[in-house]
S.K.: 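Sharing a structure, written as structure tokens. Questions coming.
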Amino acid sequence: MIQLKSREDAVWLGSRSLCGIIGFTGNGDALGIVLRGLKRLEYRGYDSAGVALLAGERIWVAKRAGSVDELIRTVGELNAPRTGVGIGHTRWATHGGVSDRNAHPHLSCHGEVAVVHNGIIENYEALRSELESRGHTFTSDTDTEVIAHLLEEELSKHGSDPKEALTRVVTTLKGSFAFIAIGSALGSRILAARHGPPLVVGYRRDACIPSSDVLSFLELTDDAIFLENESCVVIGPGNVEAWLVSGERLELKPVKVAIEVADIEKRGYVHHTLKEIHDQRATLLRSLTAELGPIDEIAKAIRSAKKVFLVAAGTSYHACLIAKYVFAEIAGIDTTPVLASEYSLHSRWVDNSSVVLAVSQSGETADVLDAVRDAKSRGASIIGIVNMPGSSLERFSDLHLNVSAGPEIGVAATKSFTSQVATLLRVALRLSGSPIPFDPQRVAEAVEEVLELEQSIAEIARELRDFKDLYVIGRGIHYPLALEGALKVKELAYVHAEGLAAGELKHGTLALIEKGTPVVVLNPHDETYHDTLSNCMEVKARGARVIGISDEHHRSYDYFIRLPRMGSKYATVLLEALPLQLLAYYLALERGAEIDRPKNLAKSVTVK
Ligand code: F6R
């Protein structure tokens with residue numbers, strides 16, 4: 001733990017970060033509000049945390065490696081000032097070790113400015129050399145620290161005009177950043193800028209709360225001002241002024257955020273992840289039935305496009321892989337799923353006759369945003385399929401749909417995945433002009449039936465807890481679900497898991513199957529059933545321990561998780577992720593893993 005009263009105490013190592021940032025100015029206890037906000041932001045990063053408070057002429061800082069809870073405990077033992085102005089940070093490191101000294105906020109030479117930052121300052125080495133040649137002393141290698149020094153320098157020149165000082169600093173910086181700063185000469189004014197990562201201001205007449213995310217201030221206000229990219233902002237209690245570095249003033253309008261505080265609570269569950277798995281009773285029904293905004297315009301754009309790309313990362317990419325089957329089978333439309341981080345290969349085919357469907361829970365994934373920016377510059381129409389209202393992707397898209405899963409706090413995507421699949425299914429159905437081929441209410445009941453298997457899935461997890469490797473196989477539309485199931489096991493339980501197209505086993509991976517190797521076989525009774533069963537027999541013959549997930553039992557399964565009979569392949573697909581999520585959850589529980597915040601991961605990946 002480091003408690004800094006003056007800049008001289010500070011020596012810490014460099015880091016770049018994803019992170020959550022928050023500030024408060026106004027009528028209230030800044031420390032309590034910032035700490036509670038950091039708890040809500042912890043899903044964005046959780047290896048270190050810190051706060052800075054304006055105490056008269058001084059800035060008080062407390063920061064440490066570890067969780068926000070650890071910071072809260074430590075701050076509780078200190079004599080923190082009571083004040084209405086403060087900032088805070090929760091970190092996900094990409095460079096540099098996790099240590100007290102790497103934690104934000106960072107201070108300027110004389111401790112007059114404190115900064116929290118999300119993103120990367122690409123030209124920080126050059127800036128640092130220049131600042132050093134002008135007499136600034138650096139006590140860290142962090143890119144963030146240059147912001148604090150630059151602000152201190154510019155504020156000393158333009159103290160009466162912090163807008164000018166901020167504009168000059170932002171013009172100097174290159175990279176992707178959102179930052180929030182307080183200064184001893186700024187009083188209750190907070191400076192902030194957005195150049196890439198998200199920044200939104202919670203608005204009240206007597207206070208403002210700039211933050212990475214609306215979830216951090218919902219308890220205080222549901223009025224939010226989403227800042228445009230490239231905004232510079234001065235924020236006071238109840239007033240916000242924003243402009244571009246060109247000087248153009250930006251119109252700001254608070255919007256109501258339609259998220260209930262209850263939606264972000266655990267509501268009696270041990271983990272957010274478990275609650276969110278259970279939420280799927282309601283969320284799937286909602287995603288299948290809610291009013292879908294501009295779906296007709298979207299269908300029209302897709303129909304008239306020469307090429308349709310589905311761009312996403314991680315779990316959202318798996319939803320896109322499922323959508324490829326759904327669009328082909330239901331609407332006869334060929335689509336190209338593209339991993340956002342591999343988009344550059346595909347960009348040459350993107351032009352003004354293309355549609356890019358970008359799928360993202362957070363709507364903030366840097367790789368996805370980079371891809372859509374490029375696609376838009378080539379003339380493509382961008383359709384965002386998002387879950388977080390007001391996200392960068394939603395705002396950047398020409399048209400967007402919300403998948404209606406509600407806030408997802410657990411780092412592992414669960415309910416957002418099934419809602420993405422449901423929403424993409426509805427788009428395909430609209431394209432074909434057909435109604436949903438099953439009763440959405442029946443899906444909600446079937447979710448309940450799968451959730452009733454929770455204890456038997458927990459028992460399977462108990463028996464599998466010591467295995468080092470696990471395989472998940474599926475064919476056709478079940479293949480992306482195998483990928484998704486394996487991803488859940490890796491990130492939640494820290495067990496090596498591989499998802500495979502069932503037919504690919506014999507082309508190599510079969511060599512790894514030996515006596516007792518757990519293999520999850522996704523095999524609902526559809527056109528893939530018999531071929532997958534043959535693949536199941538192949539692993540069985542090599543001694544595999546088979547966990548069958550199907551609506552039909554087979555004697556080759558050592559463990560059987562029964563899916564309800566749905567009479568529609570697409571309804572079954574919506575249910576299939578649930579036992580996989582539960583298996584991964586209980587494996588993680590058995591193995592003592594940090595479930596809501598798996599190590600090394602963050603929910604919103606806002607750097608490349
Ligand atoms: C896995 C997971 C990640 C995300 C990926 C994309 O459980 O959560 O793989 O799916 O980082 O995130 P979004 O959907 O926010 O773009």
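When a ligand or atom number is given, it counts from 1 through the structure's own listing order. Please read all numbers here as calculations on a predicted model, not as lab measurements.
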S.K.: Counting only heavy atoms not in E70, do more than 12 fall under 6.0 Å of its CD?
M.R.: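 Correct, the count exceeds 12.
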
S.K.: If the cut-off is 4.0 Å to any non-hydrogen atom of S362, which atoms of ligand 1 fall inside it?
M.R.: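 With S362 as reference, the close atoms of ligand 1 come out as 13 (P), 15 (O), 16 (O).
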
S.K.: Relative to the heavy atoms of V411, which atoms of ligand 1 are at a distance of less than 4.0 Å?
M.R.: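 Every atom of ligand 1 under 4.0 Å from some heavy atom of V411: 8 (O).
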
S.K.: Between Y585 and H271, is the ring centroid distance below 6.0 Å?
M.R.: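 Ring-ring flag for Y585/H271: true, centres closer than 6.0 Å.
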
S.K.: For A299, is there any backbone N or O sitting under 3.5 Å from a side-chain donor or acceptor partner on R430?
M.R.: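 Answer holds: no.
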
S.K.: Using heavy atoms and a threshold below 4.0 Å, how should the contact between E364 and ligand 1 be classified: side chain, backbone, both, or neither?
M.R.: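 Neither; no heavy atom under 4.0 Å.
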
S.K.: Within a distance under 4.0 Å of any heavy atom of K488, pick out the atoms of ligand 1 and give their elements.
M.R.: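 Near K488, the atoms of ligand 1 are 1 (C), 7 (O).
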
S.K.: Decide whether an N or O pair under 3.5 Å exists between Q420 and ligand 1.
M.R.: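 No, since none of the N or O atoms of Q420 sits under 3.5 Å from an N or O of ligand 1.
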
S.K.: Taking only heavy atoms of G314 into account, list the atoms of ligand 1 that are under 4.0 Å away from them.
M.R.: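 Contacts of ligand 1 toward G314, numbered from 1: 9 (O), 10 (O).
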
S.K.: Give the atoms of ligand 1, by number and element, whose distance to some non-hydrogen atom of E491 is under 4.0 Å.
M.R.: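 Reading through ligand 1 atom by atom, the close ones are 1 (C), 7 (O).
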
S.K.: Just list the side-chain donor-acceptor pairs under 3.5 Å for residues 489-498, sequence neighbours left out, or say none.
M.R.:
| from | atom 1 | to | atom 2 | distance (Å) |
| --- | --- | --- | --- | --- |
| E491 | OE2 | K488 | NZ | 3.3 |
| Y494 | OH | K599 | N | 2.8 |
| H496 | ND1 | D469 | OD1 | 2.8 |

S.K.: Could an N or O of ligand 1 be found under 3.5 Å from any N or O of A413, whether backbone or side chain?
M.R.: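 Looking only at distances, the answer is yes, because the N/O contact criterion of under 3.5 Å is met.
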
S.K.: Within ligand 1, which atoms have a heavy atom of S316 less than 4.0 Å away?
M.R.: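 Those qualifying, in numeric order: 10 (O), 13 (P), 14 (O).
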
S.K.: Go through the steps for H278 and Y269 under the test ring pair (Phe, Tyr, Trp, His ring centres under 6.0 Å), then give the verdict.
M.R.: CA-CA 9 Å; H278 280 254; Y269 286 91; 5.1 Å; yes

S.K.: Please identify each residue that fulfils salt bridge (charged side-chain N to carboxylate O under 4.0 Å, His left out) with K256, with sequence neighbours left out.
M.R.: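 By the salt bridge (charged side-chain N to carboxylate O under 4.0 Å, His left out) rule, K256 matches D222, D223.
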
S.K.: Aromatic rings H346 and F309: how do their planes relate, parallel, tilted or perpendicular, breaks at 30° and 60°?
M.R.: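 Answer is perpendicular, since the angle exceeds 60°.
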
